[in-house]
Amino acid sequence: MKMKNSSTGEKKELRTIGSKQYTDESFEVLRHSASHLLAHAVLELFPGTKTGIGPAVENGFYYDFLREEPFTPEDLSAIERKMQELSLNDIPIEKVVIPREEAIHIFAQTEQDLKIELIKEKGYIEVTCFRQGSFIDFCLGPHVPSTGHIKHFKLLSVSGAYWKGDENGMQLQRIYGTVFFSKKELEDYLSLLEEAKKRDHRKLGTEMDLFSFHENLGGGLILWHPKGAAVRRVIENYWYEEHYKEGYDVLYTPHIAKLDVWRRSGHTEFYDAMYPPIKSDGIEYELKPMNCPFHIMVFSSRQRSYRELPLRFAELGTVYRYERSGVLHGLLRTRGFTQDDAHIFCRADQLEEEIRRAISLALKMLKVFGFSDYDVFLSTRPEKYCGDVEDWNKATKALEKALRSEKVAFKVDEGEGVFYGPKIDIKVKDALQRFWQCTTIQLDFNLAERFDLSYIGEDGKFHRPFLIHRALLGSLERFFGILIEHYNGNFPLWLAPIQAIIIPIADRHNKYAMSLDNAFKQNNLRSTVDIRREKIGYKIRDAEIQKIPLILIVGDKEVKQETASLRIHSVGDKGQVNVNEFLEKVKNLIQNRSLTVNI
RNA sequence: GCCAGUGUAGCUCAGUGGUAGAGCAACUGAUUCGUAAUCAGUAGGUCGAGGGUUCGACUCCCUCUGCUGGCUCCA
């Protein structure tokens with residue numbers, strides 16, 4: 001699951017941007033042509049550079065280059081200017097089909113070794129190339145008719161990338177850019193990037209005092225501050241509540257286990273994100289990267305009857321994974337995180353219904369958190385798999401039927417399942433139209449077999465249950481990060497770390513303010529009071545910056561009438577309210593987990 | 001882990017080899033105030049860490065470390 005880059009999921013349907021309609025195909029052509037323009041410019045400015053591949057990607061394009069010196073930010077601007085120049089020259093782009101040997105000869109003249117390698121790999125008799133002026137590239141196309149069609153682009157970054165994605169191979173320099181049909185679209189996209197930067201959860205997390213990282217603590221390890229922890233607790237309580245209603249049993253399991261457990265599960269062999277074992281009394285223990293074996297051990301702690309199934313074991317299980325230093329990213333990619341995990345053990349005849357219930361629960365919870373747009377993917381059997389084909393087919397069918405009975409539109413990712421079973425993934429769309437994967441519901445044939453799971457059937461014989469592994473929010477850390485960015489820190493009332501702040505105008509109002517604060521606390525509101533000797537404008541500004549949903553101002557008028565003046569965050573002054581009525585309304589909004597404050 | 005960039009006060013950032021700076025936040029004092037910043041003062045830094053070059057290093061070089069953008073992988 002990719003969070004950062006490819007998080008903005010693909011949209012295959014026709015989409016409307018601005019006043020024109022473009023198919024994804026036309027975007028792809030433009031982006032791909034822009035990548036050629038980039039390569040053209042680079043070769044003009046830096047002769048001798050070897051070109052790798054340069055495809056269109058989501059939101060833009062890139063091109064990989066092999067060159068001794070690194071490209072600097074200044075180089076990037078120079079390249080962009082050269083691209084502009086080439087665009088103004090409106091050079092025709094022509095398709096040329098040439099015999100393989102001749103093509104190799106052409107690329108040999110300019111020492112484009114990487115291109116030759118690609119041509120040789122393909123084994124075509126004739127090679128399709130595209131030529132624009134002095135630049136020729138081995139490529140199937142299609143492309144825009146001339147460079148003049150590529151006008152509105154921007155180079156965004158340069159980074160390392162492995163040749164053919166092979167970590168042990170050579171590393172190329174990849175230049176990323178984006179391109180659009182109109183200036184406005186480009187500007188809109190760039191301002192979207194700006195907006196995303198502004199609401200980056202790492203920035204807001206510091207500003208709002210939600211969580212922190214500490215250099216001496218270790219990379220990817222989170223310190224949840226009081227306000228962040230308050231939000232987490234609300235999420236957890238809600239999660240437990242829904243799981244209780246859905247017939248889950250909650251477990252607690254340890255953070256370490258003997259290495260043998262992980263040998264049996266196959267993790268030591270197939271999973272590369274485990275921390276090195278801890279040796280104690282000659283026994284090797286391992287920090288848990290997953291919760292599954294523990295839940296399985298609970299299942300296997302005694303003989304199970306078919307009558308008990310389905311068993312749904314849930315746990316907010318904190319796991320530790322050694323993620324490579326370069327991939328850590330705020331709350332979205334950490335080394336210690338808490339999965340909202342559950343394992344469902346069921347019979348074949350229950351499989352479809354259990355999957356359906358899991359999907360339904362996921363969508364219900366996501367909606368409560370404010371995500372009602374999503375993409376759903378069904379991934380089927382990959383080439384390398386374990387278990388038997390019949391089980392795979394049965395299970396895949398069940399997943400599909402479950403999706404249909406929930407009336408969920410989905411896309412099939414053929415062969416994209418994990419080796420141990422088919423799965424359903426749900427990606428939610430946030431306020432900036434970015435997609436984030438949260439839910440994953442996976443069948444697991446591997447562990448069921450490795451731990452020899454069984455129950456006694458109606459026939460008195462042993463049967464193997466189906467094992468469903470599922471995380472609905474994904475991980476609390478990542479989900480919190482997504483929430484912060486989705487709401488730009490303006491949490492809905494029920495989630496807000498501080499729900500109400502009472503601001504007395506002068507010292508003589510402190511007592512009344514504190515009594516309100518206390519009354520709110522008695523009613524389970526997360527409330528606070530600001531008795532600093534500051535002007536009201538200052539305290540209001542401070543409360544607004546803290547993004548506190550409800551601001552109550554009390555002065556002479558309010559004390560006398562036993563009211564408060566309500567100000568709603570980013571809405572403004574709502575005038576005086578009766579305290580008891582207000583409290584009832586607020587409690588109601590919180591109880592209903594309302595996403596808007598309407599008082 | 002790899003490529004590139006980056007690290008100065010709690011936060012945002014100045015400071016190109018010669019005694020470490022600003023704004024905000026914090027603290028102290030005055031102000032008792034009606035819907036997004038009252039005024040004055042104080043304190044706060046081994047300039048990420050270690051080594052080197054130099055009469056002298058925040059500044060130049062090396063190593064390590066954190067962070068950022070990617071690659072690869074992932075909840």
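Given the structure is predicted, the values throughout are model-derived calculations rather than measurements. Residue numbering restarts at 1 for every chain, and letters A, B, ... go by the order of the sequence lines.
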| field | Rounded distance in Å - CD (A:Glu416) to P (B:C73) | value | 11 Å
| request: Name the pairing partner of B:G23, where a pair is Watson-Crick or G-U wobble with both distances under 3.5 Å, or state none. | output: B:C11
| Quantified in whole Å, what is the P atom distance between nucleotide B:U16 and nucleotide B:U68? | 27 Å
| query | Looking across every strand, which nucleic acid part, if any, lies under 4.0 Å from A:Gly165 by heavy atom: base, sugar-phosphate, or nothing? | reply | sugar-phosphate
| field | Length of the NZ-P vector between A:Lys427 and B:A75, whole Å | value | 12 Å
| request: Would you mind classifying the nucleic acid contact of A:Arg67 as base, sugar-phosphate or nothing, using non-hydrogen atoms under 4.0 angstrom? | output: nothing
| query | Under 6.0 Å from the CD atom of A:Gln561, do we count more than 12 heavy atoms belonging to anything else shown? | reply | yes
| Under 4.0 angstrom, heavy atoms only, what part of the nucleic acid is A:Gln339 near: base, sugar-phosphate, or nothing? | sugar-phosphate
| request: State whether the distance check finds a donor on one side and an acceptor on the other, under 3.5 Å, for side chain A:Arg508 versus base B:C33. | output: no
| query | Hey, does the side-chain of A:Tyr162 have a donor or acceptor N/O within less than 3.5 Å of a partner on the base of B:C2? | reply | yes
| query | For A:His329 and B:A75, what is the distance between atoms NE2 and P respectively, to the nearest whole Å? | reply | 17 Å
| Are A:Phe369 and A:Tyr238 close enough that their ring centres sit under 6.0 Å apart? | yes
| field | Sugar-phosphate only, base, or nothing, as touched by A:Tyr176 at under 4.0 Å among non-hydrogen atoms | value | sugar-phosphate
| Can you find a donor-acceptor pair, distance only, under 3.5 Å between A:Ser565 side chain and B:G34 base? | yes
| Is the distance from OP1 or OP2 of B:G1 to the nearest side-chain N or O of A:Ser325 less than 4.0 Å? | yes
| task | Record whether the side chain of A:Glu323 comes under 3.5 Å of the base of B:C74 through a donor-acceptor pair of N or O atoms. | result | no
| request: Could you let me know what B:U38 is paired to, Watson-Crick or G-U wobble, both distances under 3.5 Å, or none if it's on its own? | output: B:A30
| query | Donor-acceptor pair under 3.5 Å: do we get one between A:Ser157's side chain and the base of B:A4? | reply | no
| message | Under 4.0 Å, heavy atoms only, any strand: does A:Ala161 hit a base, just the sugar-phosphate, or nothing? | response | sugar-phosphate
| query | Can you tell me how far C1' in B:G5 sits from the matching atom in B:A9, rounded to whole Å? | reply | 24 Å
| Rounded interatomic separation in angstrom, taking CG from A:Asp542 and P from B:C11 | 18 Å
| said: Starting the side chain at C-beta, find the nucleotide from B:G34, B:G69, B:A75 nearest to A:Ile553. | reply: B:G34
| query | Contact class for A:Glu534 vs. all strands (heavy atom < 4.0 Å): base, sugar-phosphate, or nothing? | reply | base
| request: Under 4.0 Å between any heavy atoms, over every strand shown, what does A:Gly219 touch: base, sugar-phosphate, or nothing? Just pick one. | output: sugar-phosphate
| Taking for each residue the nucleotide of RNA chain B with the nearest heavy atom, is it A:Phe71 or A:Gly537 whose nucleotide lies nearer the 5' end? | A:Phe71
| query | Across the strands shown, which category fits A:Tyr320 at heavy-atom distances under 4.0 angstrom: base, sugar-phosphate, nothing? | reply | nothing
| query | Does A:Arg67 make a cation-pi contact with A:Phe71, if we ask for NZ or CZ under 6.0 Å from the ring centre and within 45° of the axis? | reply | yes
| message | At 4.0 Å (heavy atoms only), tell me whether A:Gly326 reaches a base, stays on the sugar-phosphate, or touches nothing. | response | base
| message | Here's a test of your reading of the structure: between A:Arg174 and A:Arg541, which maps to the more 5' nucleotide of RNA chain B? | response | A:Arg541
| For A:Leu473, which contact category applies under a 4.0 Å heavy-atom criterion: base, sugar-phosphate, or nothing? | nothing
| task | Report which part of the nucleic acid A:Glu558 touches: base, sugar-phosphate, or nothing (heavy-atom distance under 4.0 Å, all strands). | result | base
